[in-house]
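One structure below.
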Amino acid sequence: MIILYTFISEEKHQSLLDRYLPLFSEDSKQDILRYRKWQDTQLSLLGKVLLQYGLRTYYNISDVETGVLPNKKPYLKGHNLHFNISHSKELVACAIAEYPLGLDVEFNDPKVSYHDFTFQMTDKELQEIQDAEDKMKKFFSYWTRKEAVIKAHGVGMMLPLDSFEIINNECSIEGEKFFTKEILIHEGYYSHIASSDQKIKDVMPLIKCIEEDILL
């Protein structure tokens with residue numbers, strides 16, 4: 001598994017669009033440009049660029065075509081590889097592996113209060129957060145773990161966070177088992193990966209920051 005990440009930059013926004021947009025299909029261009037805020041546009045763009053860079057550099061795949069499953073989860077056409085993209089604040093990350101996976105990153109925002117999200121937690125999860133010495137660290141660990149599982153499952157926001165519990169980094173959703181693993185992508189961000197494949201329990205992913213001027 002590889003996890004590549006980079007950071008958005010308002011100063012370089014137009015130059016990034018000019019450089020990378022022509023490399024994508026019309027559908028991908030429309031998907032990137034549908035956002036009104038430059039931050040969202042650039043996060044979408046760089047997520048796709050990281051995917052192309054990772055496939056070409058680490059898997060020798062230069063002809064990349066993606067599709068969308070009925071559950072709206074994107075996939076690679078013609079290759080037995082899986083990917084997932086996540087972003088928060090100024091960081092965008094892309095994970096690529098030989099098995100289905102979900103990745104979630106969250107910025108450690110001091111303005112966030114876990115009390116605002118208690119309705120999305122089970123009683124046991126809420127109690128664990130309240131009992132923790134560092135409550136916000138426990139909350140962000142809970143949140144990224146849950147989101148990574150949902151992304152690995154592929155059902156998206158249709159699956160409430162409080163509809164399943166993760167115990168010892170394992171959970172079951174509709175009879176399917178999922179496994180989670182905490183990873184450190186960058187200081188100031190919390191992150192987890194998840195998969196229905198047990199390999200993720202022992203994986204040591206290659207994590208690399210990619211500067212935007214060497215992406216392609």
Side-chain angles (χ1 to χ4, degrees), residues 2-59 61-77 79 81-97 101-112 140 143-144 146-148 150-152 154-158 183 185-194 207-216:
I2 62 167
I3 299 176
L4 307 176
Y5 70 96
T6 191
F7 295 90
I8 60 174
S9 166
E10 184 175 12
E11 178 184 358
K12 299 177 181 179
H13 183 61
Q14 191 58 52
S15 63
L16 288 171
L17 289 177
D18 293 341
R19 181 175 184 180
Y20 296 124
L21 265 184
L23 303 175
F24 294 101
S25 67
E26 287 303 317
D27 287 344
S28 292
K29 289 178 185 177
Q30 292 179 16
D31 181 59
I32 293 167
L33 296 175
R34 65 187 171 93
Y35 298 100
R36 299 181 64 181
K37 295 182 179 180
W38 74 266
Q39 295 95 328
D40 296 330
T41 300
Q42 199 174 128
L43 287 167
S44 177
L45 171 69
L46 291 180
K48 291 176 172 59
V49 172
L50 286 173
L51 175 62
Q52 285 199 353
Y53 178 89
L55 290 172
R56 187 184 68 251
T57 304
Y58 296 95
Y59 296 95
I61 299 174
S62 57
D63 186 15
V64 181
E65 186 177 0
T66 60
V68 180
L69 297 171
N71 60 11
K72 297 185 178 181
K73 185 175 182 179
Y75 72 99
L76 288 176
K77 294 183 178 180
H79 298 284
L81 288 170
H82 303 264
F83 73 95
N84 202 229
I85 296 170
S86 183
H87 53 76
S88 181
K89 192 68 173 178
E90 297 177 339
L91 183 148
V92 55
C94 175
I96 306 173
L101 77 159
L103 166 70
D104 190 62
V105 297
E106 294 292 339
F107 174 65
N108 182 13
D109 190 343
K111 294 180 291 185
V112 170
F140 279 113
W143 190 266
T144 54
K146 282 293 192 81
E147 289 288 343
I150 287 177
K151 295 177 74 174
V155 74
M157 296 304 294
M158 295 176 61
I183 56 172
I185 293 180
H186 192 271
E187 184 179 354
Y189 291 83
Y190 292 94
S191 51
H192 270 84
I193 50 177
I207 302 175
K208 185 175 181 180
C209 179
I210 306 298
E211 298 296 336
E212 74 278 352
D213 58 345
I214 63 168
L215 282 170
L216 292 172

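Just so it is clear, the model here is predicted, and its values are computed rather than measured.
Partners of Glu65 according to the salt bridge (Lys or Arg N to Asp or Glu O under 4.0 Å) rule, which considers only residues two or more places apart in sequence or in another chain, are Lys77. The side-chain hydrogen bond (donor to acceptor under 3.5 Å, both in side chains) test applied to Asn84 returns Lys151, not counting sequence neighbours. Residues satisfying the salt bridge (Lys or Arg N to Asp or Glu O under 4.0 Å) criterion with Lys37, sequence neighbours excluded, are absent altogether. A search for side-chain contact (heavy atoms from CB on, under 4.5 Å) contacts involving Ala194 returns Ala148, Val149, Ala152, Thr180, not counting sequence neighbours. By the ring pair (Phe, Tyr, Trp, His ring centres under 6.0 Å) test, His13 pairs with Trp38, sequence neighbours left out. Taking Asp40 as the reference, nothing meets the salt bridge (Lys or Arg N to Asp or Glu O under 4.0 Å) condition, with sequence neighbours excluded. Checked against ring pair (Phe, Tyr, Trp, His ring centres under 6.0 Å), Phe83 has no partners two or more places apart in sequence or in another chain. Every residue two or more places apart in sequence or in another chain was checked for a side-chain hydrogen bond (donor to acceptor under 3.5 Å, both in side chains) with Asp63, and none qualifies. Residues passing the side-chain hydrogen bond (donor to acceptor under 3.5 Å, both in side chains) test with Asn108: none are found, sequence neighbours excluded. By the side-chain hydrogen bond (donor to acceptor under 3.5 Å, both in side chains) test, Arg36 is found to be paired with no residue, residues two or more places apart in sequence or in another chain being considered. Taking the salt bridge (Lys or Arg N to Asp or Glu O under 4.0 Å) definition, one finds that Lys29 meets it with Glu26, sequence neighbours left out.
Atom CG in Leu43 sits 10.5 Å away from atom OG1 in Thr6 (nearest 0.5 Å). Rounding to the nearest 0.5 Å gives a distance of 9.5 Å between OH of Tyr190 and OG1 of Thr144. The CD1 atom of Ile210 lies 5.0 Å from the CG atom of Leu4; values are rounded to the nearest 0.5 Å. In this structure, NE2 on His192 lies 12.5 Å from CD on Glu147, to the nearest 0.5 angstrom. Of the inter-residue distances, the one linking Leu103 atom CG with Ile96 atom CD1 reads 11.0 Å to the nearest 0.5 angstrom. Annotation: the span from Thr41 atom OG1 to Leu33 atom CG amounts to 6.5 Å, rounded to 0.5 Å.
At distances below 3.5 Å, not a single donor-acceptor pair connects side-chain atoms of Arg19 with backbone N or O atoms of Leu16.
The two atoms that bring Tyr35 and Ile32 nearest to each other are CD1-O, 3.4 Å, heavy atoms only. What you find for Asp31 and Arg34 is that their closest heavy atoms are OD1-NE, 2.9 Å. Between Gln52 and Leu23, the closest heavy-atom pair is NE2-O, 4.4 Å. Listed here is the closest heavy atom pair of Ile3 and Ile183: CD1-CD1, 3.3 Å.
For the pair Thr66/Leu51, a side-chain contact is recorded, criterion being any heavy-atom separation below 4.5 Å from C-beta on. Within the 4.5 Å cutoff, the side chain of Leu50 has no heavy atoms near those of the Ile85 side chain.
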If you apply the rule side chain to side chain contact (heavy atoms under 4.5 Å, CB included), what do you find for Phe7 with Leu46, and how did you get there? CA-CA 9 Å; Phe7 295 90; Leu46 291 180; over 6 Å; no

Can you give the donor-acceptor pairs under 3.5 Å from side chains of residues 86-94 to other protein atoms, not counting sequence neighbours?
| unit_1 | atom_1 | unit_2 | atom_2 | d |
| --- | --- | --- | --- | --- |
| Ser86 | OG | Val105 | N | 3.1 |
| Ser88 | OG | Phe107 | N | 2.8 |

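Aromatic rings of Tyr59 and His79 (six-membered ring for Trp) have centroids beyond the 6.0 Å cut-off, not under it.
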